[in-house]
4 protein chains.
Amino acid sequence: MARAVDVKSGRKSGARREQRLELRHAPQIGSRHQQSARARRKEARPAEILAAALDIFAARGFAAAKLDEVAAKAGVSKGTLYLYYRNKEALFEAVVREKLGPEIDRMERMVEGYSGSPSDLLAMIFTQVATLVSRKEIAAIPKMVIAESGNFPDLAQFYFDNVIKRGTSILGRVIGRGVETGEFRVVDVPQAVKVLMAPILFLAQWRTAFEIHDDAPLDVKAFSRAHVDLALAALRRPNEGEAA
Amino acid sequence: MARAVDVKSGRKSGARREQRLELRHAPQIGSRHQQSARARRKEARPAEILAAALDIFAARGFAAAKLDEVAAKAGVSKGTLYLYYRNKEALFEAVVREKLGPEIDRMERMVEGYSGSPSDLLAMIFTQVATLVSRKEIAAIPKMVIAESGNFPDLAQFYFDNVIKRGTSILGRVIGRGVETGEFRVVDVPQAVKVLMAPILFLAQWRTAFEIHDDAPLDVKAFSRAHVDLALAALRRPNEGEAA
Amino acid sequence: MARAVDVKSGRKSGARREQRLELRHAPQIGSRHQQSARARRKEARPAEILAAALDIFAARGFAAAKLDEVAAKAGVSKGTLYLYYRNKEALFEAVVREKLGPEIDRMERMVEGYSGSPSDLLAMIFTQVATLVSRKEIAAIPKMVIAESGNFPDLAQFYFDNVIKRGTSILGRVIGRGVETGEFRVVDVPQAVKVLMAPILFLAQWRTAFEIHDDAPLDVKAFSRAHVDLALAALRRPNEGEAA
Amino acid sequence: MARAVDVKSGRKSGARREQRLELRHAPQIGSRHQQSARARRKEARPAEILAAALDIFAARGFAAAKLDEVAAKAGVSKGTLYLYYRNKEALFEAVVREKLGPEIDRMERMVEGYSGSPSDLLAMIFTQVATLVSRKEIAAIPKMVIAESGNFPDLAQFYFDNVIKRGTSILGRVIGRGVETGEFRVVDVPQAVKVLMAPILFLAQWRTAFEIHDDAPLDVKAFSRAHVDLALAALRRPNEGEAA
DNA sequence: GATGAATGAGATTTCATTCAT
DNA sequence: TATGAATGAAATCTCATTCAT
């Protein structure tokens, strides 16, 4: 009944929806003027830890990952992890958020900088994203987020808002433009977007989960070509010509 | 049968490839002659436990799932779980295998019993599987398998062989037939199969991971319609007519 | 930012003042009909653990006490402690509350059952409480509560309400009656009560903290006699006769 | 000098009894010749650290006090603490010894410099000590010493010798003189001394532990007045006059 | 002398598994 | 067969102490 004074001030933040990406290195290590070997090492720490953590979390999942392993892989002691991340959860979230952020930014710039026909744009997006997602350490992120969505709802929300939603929005605009210009036939855009995105997620999951189980490992190039080919064929007006 | 990677020693249990679905009711507790209420209850035990376990594993993942919770949900004591399943891993594997088996059988019978045009068959397969996969407890299985593929390679292998491979094989045959009959255009079948299957996985993942995070939850019917529509449009010979 | 779902439902209760004593054995172990050796052992567990914990907490203080030691002394494993008490804090609080409760009840009954002159009553109270408090395991309780008052404010409050306040109230009534009857002189009752109670606390502290450091250990009987003598002399009307 | 009981090996450091107050400014950092602002700061360090440490130790107890907090409060880095004090134990002991020493000296001078009637002397001692002890940072010392007497037996011994014993000795002499002069009645002096000192300890404990839990906080002046009044009434020969 | 990042021993706590009943 | 109390290995996390700068 009686409770001790809260030793740690462990505040649990209330769920905030629609969290927008605004990330940087958690323990903001000031840009010292002189760059001693030690200081250089120190500034690299968060990144080193995140890289190690991503590996371990990706391989084992959140719960089965041991901080011992992460520390060993990062070349630091267990205690050091806690210098940079409040606890295991915070580390996990940082892994997802900080690894995701740059990639999303890159993707967004890529799409925005481009101005071709909807078909070409779609082809380019699918191809680029497939290349991105075929990198194991990137592919691991959706796997982890989906696996832990029940235990880390905020993280799932974050992923949903920053990847799924933004992705569907971009794709929706491209398809919509194609429909307007008459290049594409009239389709149920919100659903079509999901259907056409699906192979990207599939690719990611395959790479992380089944690659080693298939006799003939998935050929990313060929897969992506088929994806683009089928997507464009699916969207194009029936009387119009050829395929990619 | 399938063994998780031993966390301590790190060794992977002897990989056995191409395991075919065989196990069904793991702890074959014989059909006693007299059927008292209690005995009936007893025979129902394994199924009750599996159902409870699926719920918990799906919500939390393998590692974070507590056998306490499973036992409570199944309405038995913790010790009783061990009467039916050797340990937590065995229970997890049983959940996947026993829940998967019947569904795969059903799907197979369904496809084999059908004899329409490739287009119609494809439409039917996609629609039926979408309905199946939209059930949360079914959708949870691929999620769990993918999440734990690193820790349970044999289980991933099992899933790959019995779901992915069989699924691609069936789909491959349907598409192949369509190409032969001239109903479909010539495509890279192995890749096309994966691309066209992807929305099914996508649907499963969405249902288990993001459903609660989306403002407008996914409309399975509309999604499936779009899937069929786009798939057929993508495969059909360009000069030929309409969509579903 | 994103927070994982609370795994343990670690609710921190808001501070409730004036908590009244209403204690029993935390994990209410039902009174089974048959009393097997094991069951008997099990019912004894909470008491065994509390006794061990009191010893260790008294000797080391809350923070320095190791649950290893408590478990060893109680003859159980570390895990077993958690079967009966949520965590270290809960165990500490249980020690104080459950050890205190019976003693307070006993004291109260003792005082209420008595009906002599205020002088006699006072003498009896002081003598009895001194005897009680001279028991090391009882004396340890105020020591612990005072030491941890900053870390366990609710517990300090509990002690204050149930020991200090009730004690002062009882004493206040006795002295008040003495003043009314003219047996005692007129004094500042609220302050006098504290002054006259003080030697009891002093005795407790001495026993737990300094006993081993004094060449001539405190003679409880003589101390108590002096306490009673001086207290009565201090209260009695000047023209009236002396005390023992 | 005083050593805590080694938690691991359990051995008590060589008990040295009757240690007399000697240590004062533990790390005698010489009085540098030039007195720059920085140097002055440096010389003030030990005192600043001790003040901060007293605060933290008093609030949390020895074990729960974090050197991080002490360092932060003292405005130095954690490493700096170790420049002045060998370790946490040494710091704790320094806090008690250095804070106690000056106060004891002051009390002693006060008593020795006075030469009135035993009654007046007693009244003065009680009043002065009450004032002293009502200061929270002074009151915290006995609380800490008593709380940690099991872990720091040498420190308890030190306190016993330098405070308790000296206090009882002084008081004993005053009362003895009063008995000789016939001003006081004949009492069991060694016990009476303890009984009459007790309210001082009580005051200290109350201030640190229960003050915040009482609805009407203790009025030090009134309490002290009652203490003196009752003590003198208790000692004075019965046929003799007035009260405070 | 002063710093504070890094360490790692050690504490608490959890939970799959066992086993007496 | 069923139970659930007990276990203890293993994980997370803390914090006094060190030491390169």
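A, B, ... follow the sequence lines: proteins, then strands. Residue 1 opens every chain.
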Problem set entry | Sugar-phosphate, base or nothing in reach of D/Ala72, heavy atoms under 4.0 Å | nothing
For this session: Describe the nucleic acid contact of C/Ala63 in one word from base, sugar-phosphate, nothing, applying a heavy-atom distance below 4.0 Å.
Result: nothing
For this session: Decide side-chain contact (heavy atoms from CB on, under 4.5 Å) for A/Met144 and A/Val95; before the verdict, give the C-alpha distance in whole Å, the side-chain angles of both, and the deciding distance to 0.1 Å.
Result: CA-CA 10 Å; A/Met144 291 179 340; A/Val95 165; 4.2 Å; yes
Among [options], find the nucleotide with the atom closest to the side chain of [X].
X: D/Ser77; options: E/dA2, F/dA2, E/dG8; answer: E/dA2
X: D/Asn87; options: E/dT3, F/dT17, E/dA2; answer: F/dT17
X: B/Leu83; options: F/dA6, F/dA2, E/dT3; answer: F/dA2
X: B/Tyr82; options: E/dT12, E/dT17, E/dA6; answer: E/dT17
X: C/Lys66; options: E/dT12, E/dA5, F/dT7; answer: E/dT12

Seminar exercise, completed: Note: for A/Leu81 and C/Leu67 on DNA chain E, the residue whose nearest nucleotide lies more 5' is A/Leu81
Exercise. Does D/Ala59 have any side chain to side chain contact (heavy atoms under 4.5 Å, CB included) partners at least two apart in sequence or in another chain, and if so, which?
Worked result: none
For this session: Mind checking side chain to side chain contact (heavy atoms under 4.5 Å, CB included) for D/Ala147 and listing every partner two or more places apart, or none if nothing turns up?
Result: C/Ala147
Problem set entry | Point-to-point distance, once rounded to the nearest 0.5 Å, from CD1 of A/Ile56 to CD of A/Glu69 | 4.5 Å
For this session: Would you give the length of the straight line joining atom CG of B/Leu81 to atom CG of B/Asp68, rounded to the nearest 0.5 angstrom?
Result: 9.0 Å
If only side-chain N and O atoms of [X] are considered, is one of them under 4.0 Å from the OP1 or OP2 phosphate oxygen of [N]?
X: B/Thr80; N: F/dT3; value: yes
X: C/Arg45; N: F/dA6; value: yes
X: D/Arg86; N: F/dT17; value: no

For this session: Would you mind telling me which residue lines up with the more 5' stretch of DNA chain F, D/Ala64 or A/Asp68, judged by nearest nucleotide?
Result: A/Asp68
Exercise. Can you name the closest pair of heavy atoms from A/Lys88 and A/Phe62 and give their distance?
Worked result: NZ-O, 2.9 Å
For this session: Treating a pair as Watson-Crick (purine N1 to pyrimidine N3 plus N6-O4 or O6-N4) or G-U wobble (N1-O2 and O6-N3) with both distances under 3.5 Å, list the stems of 3 or more consecutive pairs that involve DNA chain F.
Result: E:2-21 with F:2-21
Exercise. Between the base of E/dT17 and the side chain of B/Lys78, is there any donor-acceptor pair under 3.5 Å?
Worked result: yes
